[in-house]
Asker: 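Can you keep this structure in mind? I'll have questions shortly.
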Protein chains: 2
Amino acid sequence: MSEVQSETAAGPEERDVTELVLQDILTGMLPAGTWLKQIDLERRYDCTRPEVRRALDRLSQKRLVAHVPNRGYHVYQPDDRRAKEVGDIRVILETAVADMMVANATADSIATLRGLAKYFDEMTLTGTILEHYEANLAFHRELLLLGGNQELVDLVSEIRQRTSSAPVSQWRTRARIEKSGREHHMMIDALEAGDAEELKRLIAQHIRQPADAPK
Amino acid sequence: MSEVQSETAAGPEERDVTELVLQDILTGMLPAGTWLKQIDLERRYDCTRPEVRRALDRLSQKRLVAHVPNRGYHVYQPDDRRAKEVGDIRVILETAVADMMVANATADSIATLRGLAKYFDEMTLTGTILEHYEANLAFHRELLLLGGNQELVDLVSEIRQRTSSAPVSQWRTRARIEKSGREHHMMIDALEAGDAEELKRLIAQHIRQPADAPK
DNA sequence: GTTACCAATATTGGCGCCAATTTAGGATAC
DNA sequence: GTATCCTAAATTGGCGCCAATATTGGTAAC
């Protein structure tokens, strides 16, 4: 074929189309407002029509894309109000288990967190935008895991995607990214020191970056 | 046709199959562990195969049913750990906005809540199990709405379904239901009195009924 | 009498076709 | 020259068929 194939399609094994579209939305390859024509996606990800439709249906359930009957699906336009509200929810959930995190922290878990924070910093320099996003996710998942509530970990991962429609590209400012990296280490410090209040303060500040920035 | 048709299928207008299956799971018509054969659902709800499949896919995304490849879908077995964790999350979220609820409460909103609480009590006596469930939902939605965070309202409605796999039928004990009804009114009282702390206490107690009972 | 194997049946799930609706472009009338 | 209507292309979305796989029941062998 002479037409351009997405490199994601040439992956080693067959991966779920939903994941692929999700990643491309998160990384900004499919900007907010883009109409997701089924035939385009079919070719882009080298998959069948039903697969495309299942992916679009799932993403619209997650409210990452909007569905207009007989018109099609398009990437959600970021909504300031929603972004703020989701940020608030995240602050509520993630600070709520700070005491538990301090209580459950062990030398092992702190070492793991240090590693993940370091990996995030490395990805800032050398990684792709997706790797960077996932490194960030991994750190926060591991941190939340100390809260002892598996459902909460999953829930936060879920709602985190909810306003990430345009977000990851907002990480552009290097200053902000580096600040995020430093904050990760400060959180681990607070955890190590057993200072739950400081940890809560850091988490809240980390989430509420000006203009719903990264995390 | 001589075979038995579900009365839900004979509804006034065509409703979404996903909703219908969801309701039947919530009301206990489809008990936990039941295998949801596509051909059965097709006949039960008088719909087509693709509709059934879309519904099953959506419900498995919501983790209300489990999908075993080449075996089919079955209603999730309630999990004690998950039930507890979801309960904890709900306590976190719903108590977190208690201050806002008190701050935003008006004479109008309190009157509306009284009406909904009263309606819940009526449904205890005269309504179907589904009407009762929805009356409860309506009350809590209206209450949460005072928190001023629309996303949070939707999120709670969502996770509320997450462990409701067997739950609504657990409302059997009349004593518990009546206790729930009374608690609704006590919450409104606390709201009216501007006592946020008491409201938080009531909400937490209301959610954490022994053995993850109603709400 | 019990167990293991095999065949028949039933169920899942992938895939493509076609009708319905929308959109865009062109031609005609004013 | 501009606006409106009509026709043609494109896109969505509903529906059914068929192959792949699991399950069940029967049969034969030990």
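To find a chain, count down the sequence lines: A is the first, B the second, and so on, and within it residues start at 1.
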Asker: Specify the separation, in whole Å, of atom CH2 of A:Trp35 and atom P of C:dA24.
Answerer: 11 Å
Asker: Are the charged groups of A:Arg63 and B:Glu158 less than 4.0 angstrom apart, N to O?
Answerer: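 No, A:Arg63 and B:Glu158 are not salt-bridged.
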Asker: With sequence neighbours left out, what residues match A:Ser60 under side chain to side chain donor-acceptor pair (under 3.5 Å)?
Answerer: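 For A:Ser60, no residue satisfies side chain to side chain donor-acceptor pair (under 3.5 Å) once neighbours in sequence are set aside.
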Asker: Any base atoms under 4.0 Å from B:Arg49, or only sugar-phosphate, or nothing? Heavy atoms, all strands.
Answerer: base
Asker: Between B:Leu36 and A:Asn70, who's closer to the 5' end of DNA chain C by nearest nucleotide?
Answerer: B:Leu36
Asker: Among all residues two or more places apart in sequence or in another chain, which pass the side chain to side chain donor-acceptor pair (under 3.5 Å) test with B:Arg82?
Answerer: A:Glu151
Asker: Measure CD/B:Gln38 against P/C:dT12 and give the value in whole Å, please.
Answerer: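 In whole Å, C:dT12 P lies 4 Å from B:Gln38 CD.
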Asker: Report yes if a side-chain nitrogen or oxygen of A:Arg71 is closer than 4.0 Å to either non-bridging phosphate oxygen (OP1 or OP2) of C:dT23; otherwise report no.
Answerer: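 For C:dT23, OP1 or OP2 has a side-chain N or O of A:Arg71 closer than 4.0 Å.
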Asker: Can you check the A:His67 NE2 to C:dT22 P distance for me, whole Å?
Answerer: 12 Å
Asker: Are side-chain heavy atoms of A:Tyr73 and A:Val52 found at a separation under 4.5 Å?
Answerer: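 A:Tyr73 does not reach A:Val52 side chain to side chain.
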Asker: Of all nucleotides in DNA chain D with an atom under 4.0 Å from a non-hydrogen atom of chain A, which is the first and which the last going 5' to 3'?
Answerer: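 Going 5' to 3' along DNA chain D, contacts run D:dT12 to D:dG14.
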Asker: For DNA chain C, whose closest nucleotide is more 5', that of A:Thr48 or that of A:Pro69?
Answerer: A:Thr48
Asker: A:His184 vs A:His140 aromatic rings, parallel, tilted or perpendicular, using cut-offs 30° and 60°?
Answerer: perpendicular
Asker: Thinking salt bridges, do B:Asp88 and B:Lys84 make one under a 4.0 Å N-O criterion?
Answerer: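 Counted as a salt bridge, because a side-chain N and a carboxylate O are separated by less than 4.0 Å.
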